[in-house]
Engineer: 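There's a structure below that I have some questions on.
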Amino acid sequence: MTTLTRAPVRSPEGLLRFAAPQQFYPLAGRLAPWFAWAAALLTVVGLYIGFFVAPTDFQQGEVYRVIFIHVPAAWMSMFIYLVMAFWAAVGLVMNTRLSFIMSQALAPTGAMFCFVALWTGAVWGKPTWGTYWVWDARLTSQLLLLFLYFGFIALTRAIEDPRRADRAGAIIALVGAVNVPIIYFSVQWWNTLHQGASVSLTRAPSMASTMLAGMLIMAIAAWMYAIAVALWRVRALILERERHTEWVGEVLAAEAQTQGRAR
Amino acid sequence: MKARSKRLILVGGGVALLVAAVALVLSAFQQNLVFFHTPTEVYEGKAPTGRAFRIGGMVEDGSIRREADGLTVSFAITDTAKVIPVRYRGTLPDLFQEGKGAVVQGVLGPDGQFTATEVLAKHDENYMPVEAQYAIDQAHKASQTVQQ
Amino acid sequence: MQWESWSAFWQMGGAAPYVWGSYGVTLALIVAELVLVIRRRKDTVNRLLRWRRALGKDVGGSQARMESVE
């Protein structure tokens, strides 16, 4: 951590000052609970609509209710990867420490959503398609996304030197981002068993409005959850990375005092 | 600023190269990414011969017939242009219905008869209440009677 | 209301294993991630406190240090 000796003396104005880990650490701690509560509230509302307001589907019956987690999880798994790639690019170009930490804080949550999308898809596929798994373009590219997440997490944790770990991870994040549009458009580009998108930006959704409402609310809940968990995780990563600095010493001293008082 | 823009060019160039590489790989493997062939493609000879492959399309209305043993089913898969007769012995998924999508895996005989070893239902992206579908069916029937 | 009774709700029109299998695994993963992520920061704080004490730096919480010796 050679960068720490030349910590910025000037403090940038406005929102940009939160790009400094020292400023971002307390901000993340204050914001995370709000996002977590928003996620919990939206989940309750979304599941209520999904299970008690949305009607039975005309062709699938009740099993379609898996959609309220499957689609939000699949969207999040793709979107989080793009955000990781964005922070990786920012980190490589601007050489900002916090950018790399952000993309590493997001990875486990993205992997979790990716696994949930695959799992719920398999469990949903059996009663509707008649199979848990097929190697069509949509399912295969989504599985590749899970491997990319695992590769990113494994590589960034395996490399001891944080600067090299950051760069190696950033390259996986940027290369792997190519896979995201492939997942999204696979159902249009190739013949797949997976059906096309029910909701897209270019045309009216092919879903009953209450079903759609439940799904979109669950999607926003997934966003809130991902932000909350990433903010909590980024705090641990910042402390670890900045452990040689004065300000982390002060944070730790304060933590030690509250621990002492709690006993 | 100079070092920064240099890095930007390097990163941008690297990503562009990788995108090109992936695009090349994808177009090379295009054949394997095709999960099923349509009946028209089969007629045009685009489907592989001598090995198992998949055909996808609609189960033709009124084509499902169960044979005396109760296990063997024959039906026709169509993409509205061409029709391929299929024979299958085994259990069918719940969503397998006439007028709905299906993907069958098996071999095409020289007589044009497809013998399936696996049948999957391919449902569409429409989600609606049972009542809505009923209303659509009624309207459809009404319009047909008017036409007659 | 979509359901005639709670038992009808739990049966999900015969799709109970698929629907509850999806929701159950998702819930378990989310709870696991929340526990891990909250424990991770606490573990990091404790590990760094031990590390700084080992370096002989003053970490302020002298009380905590004495109590942990007791």
Side-chain angles (χ1 to χ4, degrees), chain A residues 29 32 36 39 43 47 51-56 60-66 68-70 73 105 108-109 112-113 115-116 119-128 225 228-233 235-240 243 248-263, chain C:
Chain A
T43 303
L47 287 182
F51 278 100
F52 297 104
V53 181
T56 307
Q60 299 187 25
E62 307 300 351
V63 79
Y64 92 94
R65 293 182 200 274
V66 174
F68 300 114
I69 41 178
H70 176 75
T109 306
M112 192 275 284
F113 277 121
F115 179 83
V116 165
W119 171 265
T120 55
V123 168
W124 191 5
K126 186 64 184 168
T128 53
Y225 170 82
V229 175
L231 287 176
W232 274 323
R233 195 177 285 119
R235 275 162 66 84
L237 288 170
I238 288 175
L239 286 184
E240 178 73 42
R243 60 182 179 274
V248 168
E250 284 161 21
V251 167
L252 290 172
E255 291 273 353
Q257 271 194 344
T258 46
Q259 276 182 11
R261 236 179 280 141
R263 271 175 217 165
Chain C
M1 193 57 99
Q2 286 298 309
W3 311 96
E4 286 170 10
S5 66
W6 278 107
S7 74
F9 173 76
W10 293 116
Q11 282 165 14
M12 273 292 140
Y18 306 113
V19 174
W20 302 127
S22 295
Y23 280 83
V25 167
T26 307
L27 179 72
L29 283 172
I30 284 176
V31 169
E33 190 184 21
L34 284 171
V35 169
L36 284 174
V37 87
I38 287 166
R39 215 164 61 184
R40 180 166 180 184
R41 200 190 71 90
K42 283 184 182 159
D43 287 352
T44 305
V45 165
N46 288 330
R47 185 159 41 81
L48 292 182
L49 277 172
R50 280 197 300 274
W51 171 73
R52 285 182 83 96
R53 278 176 196 133
L55 287 181
K57 285 187 186 170
D58 178 32
V59 291
S62 53
Q63 274 182 318
R65 181 169 29 176
M66 288 176 69
E67 278 162 26
S68 67
V69 169
E70 282 168 19

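Protein chains get the first letters and strands the later ones, always in sequence-line order, with residue 1 at the start of each.
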Engineer: Show every ring pair (Phe, Tyr, Trp, His ring centres under 6.0 Å) that has at least one partner inside residues 21-49 of chain C, sequence neighbours left out.
Structural biologist: A:Phe51-C:Tyr23
Engineer: Using a cut-off of under 4.5 Å for heavy-atom pairs, which of A:Arg235, A:Glu250, A:Gln60, A:Lys126 has the most such pairs with chain C?
Structural biologist: A:Arg235
Engineer: If the threshold is 4.0 Å, N to carboxylate O, is there a salt bridge linking A:Glu240 and C:Arg47?
Structural biologist: yes
Engineer: I need the A:Ile238 CD1 to A:Arg233 CZ distance, nearest 0.5 Å.
Structural biologist: 13.5 Å
Engineer: Checking C:Ile30 against chain A: side chain, backbone, both or neither under 4.5 Å from a heavy atom?
Structural biologist: both
Engineer: Taking every non-hydrogen pair under 4.5 Å, which of A:Val248, A:Leu237, A:Ile69 racks up the most with chain C?
Structural biologist: A:Ile69
Engineer: Is it true that the NZ or CZ of A:Arg243 lies under 6.0 Å from the centre of C:Trp51's six-membered ring and within 45 degrees of the ring axis?
Structural biologist: yes
Engineer: By a 4.5 Å heavy-atom criterion (distance strictly below it), what part of C:Asp43 contacts chain A: side chain, backbone, both, or neither?
Structural biologist: neither
Engineer: Between A:Phe68 and chain C, with a heavy-atom cut-off of 4.5 Å, which part of the residue counts as in contact: side chain, backbone, both or neither?
Structural biologist: both
Engineer: Tell me, for C:Thr44 versus chain A, whether the close heavy atoms (under 4.5 Å) come from the side chain, the backbone, both or neither.
Structural biologist: side chain
Engineer: Roughly how far, to the nearest 0.5 Å, is CZ of C:Arg52 from CG of C:Leu55?
Structural biologist: 8.0 Å
Engineer: Kindly say whether C:Trp10 contributes a backbone atom to a donor-acceptor pair with the side chain of C:Trp20 at under 3.5 angstrom?
Structural biologist: yes
Engineer: Salt bridge or not for C:Glu33 and C:Arg40, using N-O below 4.0 Å?
Structural biologist: no
Engineer: For A:Ala54, is it the side chain, the backbone, both, or neither that has a heavy atom closer than 4.5 Å to a heavy atom of chain C?
Structural biologist: backbone
Engineer: Which region of A:Val229, side chain (C-beta onward) or backbone (N, CA, C, O), has a non-hydrogen atom less than 4.5 Å from a non-hydrogen atom of chain C, or is it both or neither?
Structural biologist: both
Engineer: Relative to chain C, which of A:Ala32, A:Gly61, A:Pro55, A:Ala36 shows the most heavy atom pairs under 4.5 Å?
Structural biologist: A:Pro55
